[in-house]
There are 2 protein chains.
Amino acid sequence: MVTAREVAQLCGVSVATVSRVFNRPATVSAPTRERVERVARELDFSPNESARALSRQRSAMIGLVWDTDHRRPGWRHPFLQDLLLGLKSALSSHGYHLLLLATSDDARNRTAGVSLADPIAYVGMTRRHHLAGLVLIDSGSDAEAFTAFAQSGLPCVALDVAVAGPKATYVTSDNAAGASEAVRHLAALGHERIATLTGPRGNAPATARTEGYLRGMADAGLPVRDDYVVSGDFYRGSGFVGMRRLLARKHPPTAVFAASDEMAIGALLAARAAGLRVPADLAIVGFDDIEVAALVDPALTTVAQDKAEFGTAAAGALLGMIENAAAPEPVLLPTQLIVRDSCGTPHRQASAAAPRL
Amino acid sequence: MVTAREVAQLCGVSVATVSRVFNRPATVSAPTRERVERVARELDFSPNESARALSRQRSAMIGLVWDTDHRRPGWRHPFLQDLLLGLKSALSSHGYHLLLLATSDDARNRTAGVSLADPIAYVGMTRRHHLAGLVLIDSGSDAEAFTAFAQSGLPCVALDVAVAGPKATYVTSDNAAGASEAVRHLAALGHERIATLTGPRGNAPATARTEGYLRGMADAGLPVRDDYVVSGDFYRGSGFVGMRRLLARKHPPTAVFAASDEMAIGALLAARAAGLRVPADLAIVGFDDIEVAALVDPALTTVAQDKAEFGTAAAGALLGMIENAAAPEPVLLPTQLIVRDSCGTPHRQASAAAPRL
DNA sequence: CTGAAAGCGCTTACAG
DNA sequence: CTGAAAGCGCTTACAG
């Protein structure tokens, strides 16, 4: 590996000057700067990142806490790939790399990675690698550790979990608005007995979506029945079970708002198993707009999250704080109601040209 | 951040001894070791990673080259999330972090990230960060850069692209075997006019799947017609167009093997648009077993790749080479034919208990 | 505008 | 088994 010293010698300058060319080019005279730049290019020299990080006490890396631990076997982000894509693109264009931190539950093995749910471990890992900041993806049960980390003052942005701190903010969809829009859509189609399948307790988006359901019902002037609110865990199975429970009620709902597409699909299966037709006998709206939502039969009407923007917004907020800005307001991404076939529409149109699966 | 010096002072030893406790504990006397360990734990000390990397010329990070560049807008890995999961889990358990390298096409901006398709840039980035190794995900057009990097002697493992070098290997599915099994399955169902929709030229899995198709036809004693081999790009659109072309032949095929599920779905749409029933009029097999394969109607028979194992195997091979082993043989992951409904089966069974979407 | 020097926080031969 | 010292390759006040 060619070092600054070699470049310096070839240029007849000191390493300090070489360093300046790479860090504060304006402080170097034009002729010297150009000479150094040329030689550096010829030798394919770039400053060593480890040395640089050590010296500046700051690296060009941003950490990502993404729980892949066996403790939470079922956990699967509905759109991680899009999220990573947006994140990485935005970060890349500013010269930052994304470090997926090794995580482990093994407390004896602390050196090997951050211990999940241990904010001290996050802080330590960030400091030891001189990370410029952290992106925190909620996995359901480390929210407390996230908020604790946020208070350390190190830059971080959390996804789908509310945190606050001198250099902390978060991005999430406007879940309440999206949910209430879905409910109002159902009401506008003439439904009055509208139930909801909620996400897990303690999960922020789940809570907001339930809130949105309640608000939507109120907006539509519909009463909320306690037995129309059944809780799930975002996954398909809970949607199936929950829907079956709802259908067993004395007055079953005619429509259901599921707080995730997976649960909506579960509900679809339950309806079918009960001999009901969707949307004729039961209207269903989901949330997320995952890829399969358009592919199930009937295609799922759902509240779409802006998947690419999730990562981009997180990167933007984080980079801002890293470049010194104070913590910005939390980012509330607008959602979009995607009307497909699972609710029925006043006027359904055949789609011959672009057949749908 | 607490440093080794502070720990040393509190223990009345030198920093060298503290360092040894963390690197070669066996060389330190038991009482001293225990004292240092206790104090380190109390102070929450762990060696600074940047300093360590600089000093040892080796970090605990493994780089990942994953192209998210705008140049290849459509590129989408069929199972990146599973792959990352397997990769990260395996790496984590050995104490390695995964660094998603910033990539950029902007040659003037070289400091900011690796320039795609530039093996020199990969080598430089690896050296500057003292990466322990590199994982290379093929994105279609950087295969040359990958093979070049592999020859540098730095440890690397490529996914779905053949590379060779002193410390280089790759993992890929046994695409040929999977494809030929699919074709034989079709033949066993009585089909003789079996066509194939291939992946893009120059793509290794695509080539192997076409090979497998040819072998499967030969195994079944069926002649191969040139006009039954139409090329696509793995994406849905090309499957649609390709199928439409096949159906326009004088003697259209009665079955088709698509080299990806996306193309199979495209073929499904084309068949439907042409008024054909699947599987009655046309049998379709895909490849990959992506999530939606089970959800389309009819559910897609397909050749499943072992998605989790992809990442795990890559991590295993890489870690082996990092820990000094010579480059292992390329890993050929077995595939599995998943029979669903898109080919018809001699005896179809209704699935009342577990209804399928 | 430039250089000499200290410092970032470790690791590792080398002595003892 | 342990310490003093050199070194990893930069960056950044501090002088000039």
Side-chain angles (χ1 to χ4, degrees), chain A residues 1-37 39-40 43-61 95 111 123-132, chain B residues 1-37 39-40 43-61 95 111 123-132:
Chain A
M1 203 169 53
V2 23
T3 68
R5 199 150 59 84
E6 305 176 47
V7 175
Q9 280 168 343
L10 259 109
C11 293
V13 298
S14 72
V15 291
T17 298
V18 174
S19 176
R20 283 193 195 96
V21 168
F22 280 82
N23 293 298
R24 314 140 167 281
T27 69
V28 180
S29 75
T32 309
R33 175 165 17 97
E34 279 151 22
R35 188 149 35 97
V36 171
E37 279 169 346
V39 172
L43 269 57
D44 197 41
F45 167 80
S46 288
N48 181 289
E49 298 289 348
S50 300
R52 182 178 253 211
L54 179 60
S55 181
R56 305 170 73 170
Q57 300 281 71
R58 170 94 108 75
S59 77
M61 301 187 297
T111 320
V123 172
M125 186 82 0
T126 302
R127 294 236 160 90
R128 286 200 295 280
H129 283 278
H130 297 295
L131 300 178
Chain B
M1 202 169 55
V2 22
T3 68
R5 200 150 60 85
E6 304 176 48
V7 174
Q9 279 168 346
L10 258 110
C11 292
V13 299
S14 72
V15 290
T17 298
V18 174
S19 176
R20 284 193 196 96
V21 168
F22 280 81
N23 293 298
R24 313 142 166 282
T27 69
V28 179
S29 76
T32 309
R33 178 170 11 102
E34 279 151 22
R35 187 149 35 95
V36 171
E37 279 169 346
V39 172
L43 269 59
D44 197 42
F45 167 79
S46 287
N48 181 289
E49 297 290 346
S50 300
R52 183 179 253 213
L54 179 60
S55 180
R56 305 170 73 171
Q57 300 281 70
R58 168 92 109 75
S59 77
M61 302 187 295
T111 321
V123 172
M125 185 84 359
T126 302
R127 294 236 160 90
R128 285 200 296 279
H129 283 279
H130 297 296
L131 300 178

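Worth knowing before you read on, the calculation uses all heavy atoms, side chains too, and leaves out hydrogens, waters and symmetry mates.
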[N] base / [X] side chain donor-acceptor hit below 3.5 Å:
X	N	result
A/Arg56	C/dG7	no
A/Ser55	C/dG7	yes
A/Arg128	C/dG9	no

Once rounded to the nearest 0.5 Å, what's the spacing between atom [atom1] of [X] and atom [atom2] of [Y]?
X	Y	atom1	atom2	value
B/Ser46	A/Met125	OG	CE	7.0 Å
A/Ser29	A/Glu34	OG	CD	8.5 Å
B/Arg35	B/Thr17	CZ	OG1	9.5 Å
B/Arg56	B/Glu49	CZ	CD	9.0 Å
B/Arg128	B/His130	CZ	NE2	10.5 Å
B/Glu37	B/Phe22	CD	CZ	7.5 Å

Give the rounded distance in Å between these two atoms: [atom1] of [X] and [atom2] of [N].
X	N	atom1	atom2	answer
A/Glu6	D/dG9	CD	C1'	11 Å
A/Arg24	D/dC14	CZ	P	13 Å
A/His130	C/dC10	NE2	C1'	10 Å
B/Phe22	C/dC10	CZ	P	9 Å
A/Arg5	D/dG7	CZ	C1'	11 Å
B/Gln9	C/dG9	CD	P	13 Å
B/Arg58	C/dC10	CZ	P	19 Å
B/Arg35	D/dC1	CZ	C1'	13 Å

From the options [options], select the nucleotide whose nearest atom is closest to the side chain of [X].
X	options	value
B/Arg20	C/dC1, D/dA4, C/dC10	D/dA4
B/Pro47	C/dT11, C/dG3, D/dA4	C/dT11
B/Gln57	D/dC8, C/dT11, D/dC1	D/dC8
A/Leu54	D/dC10, C/dC8, D/dA4	C/dC8
A/Ala16	C/dC10, D/dG3, C/dG3	C/dG3

**Item:** DNA chain C: 5'-proximal contact among A/Val28 and A/Val15 (nearest heavy atom)
**Value:** A/Val28
Can you check whether [X] has a side-chain N or O nearer than 4.0 Å to OP1 or OP2 of [N]?
X	N	result
B/Ser14	D/dG3	yes
B/Thr17	D/dG3	yes
A/Ser50	D/dC10	no
A/Asn23	D/dT11	yes

**Complete:** By the Watson-Crick or G-U definition, both distances under 3.5 Å, C/dG3 is matched with D/dC14
Give one of base, sugar-phosphate or nothing for [X], where a contact means two heavy atoms less than 4.0 Å apart.
X	value
B/Val13	sugar-phosphate
B/Arg127	nothing
B/Arg33	nothing

